[in-house]
Amino acid sequence: VKATGGKIHNIIAASSGVANVYMKIYNTASPTVGTTIPAYTIAIPTTGLNIFDPFGMTFSTAISYAITGAYADTDTTAPTAGITVQVEYV
């Protein structure tokens, strides 16, 4: 998302699958999914998601994310359906 620090103010996400998927947000530019510990893990239900934070989620180094099939920080399961994500940041 961003190679330097910043803030996420809004996340809009949707999944076309039949099960929740999980957005792992990292405070690094190049995470290794399943090894790098995410700063945040957010469940994306099949009904969609809209998170708005007027103060922003702060990241000091960089902002990146991955989508996995399970909640655990070590999970590397690829989602089985299409995912749409919009991230608004500064």
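These figures come from a predicted structure and were not determined experimentally. These values consider heavy atoms only, across backbone and side chains, with no hydrogens, waters or symmetry-generated copies.
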- prompt: Are Asn50 and Asn10 side-chain neighbours, meaning at least one heavy-atom pair lies under 4.5 Å?
  reply: yes
statement: Distance col, row Thr32:OG1 vs Ile37:CD1, nearest 0.5 angstrom, shows 11.0 Å
- line: Rounded to the nearest 0.5 angstrom, the CG-OG1 distance for Leu49 and Thr84 is 12.5 Å
message: Please find the pair of heavy atoms, one from Val85 and one from Ala13, that lie closest to each other, and give the distance.
response: CG2-CB, 4.2 Å
- prompt: Would you call Ile11 and Asp53 a side-chain contact if the rule is heavy atoms closer than 4.5 Å?
  reply: no
field: Joint hydrophobic cluster, Ile83 plus Tyr71, side-chain heavy atoms closer than 4.5 Å
entry: no
field: Aromatic centroids of Tyr22 and Tyr65 separated by under 6.0 Å
entry: no
Which atom of Ala66 lies closest to which atom of Val33, heavy atoms considered: CB-CG2, 3.5 Å
- request: Would you indicate whether the side-chain heavy atoms of Lys24 and Asp75 approach each other to under 4.5 Å?
  value: yes
- prompt: Are any of the side-chain heavy atoms of Pro38 and Ile25 separated by less than 4.5 Å?
  reply: no
task: Check step by step if side chain to side chain donor-acceptor pair (under 3.5 Å) holds for Asn27 and Ser60.
output: CA-CA 7 Å; Asn27 187 25; Ser60 59; 3.2 Å; yes
- request: Working to the nearest 0.5 Å, report the span between CD1 of Ile12 and CZ of Phe52.
  value: 10.5 Å
- request: State, with a plain yes or no, whether a side-chain heavy atom of Tyr89 is found less than 4.5 Å away from one of Lys7.
  value: no
- request: State, yes or no, whether a side-chain contact exists between Thr68 and Val21 at a heavy-atom distance under 4.5 Å.
  value: no
message: How close do Tyr26 and Thr36 get, counting heavy atoms only, and between which atoms?
response: CE2-O, 3.2 Å
message: How close do Ala43 and Pro45 get, counting heavy atoms only, and between which atoms?
response: O-CD, 3.4 Å
- prompt: When rounded to the nearest 0.5 angstrom, what is the spacing between OG1 in Thr46 and CD1 in Ile44?
  reply: 11.5 Å
message: In the structure I gave you, are the side-chain heavy atoms of His9 and Val90 within less than 4.5 Å of one another anywhere?
response: yes
query: Side-chain contact, heavy-atom cut-off 4.5 Å: Met23 with Thr41?
result: no
- request: Search all heavy atoms of Ala62 against all heavy atoms of Ala29 and return the closest pair with its distance.
  value: CB-N, 3.4 Å
- prompt: What is the distance from atom NZ of Lys2 to atom CD1 of Ile8, rounded to the nearest 0.5 Å?
  reply: 10.0 Å
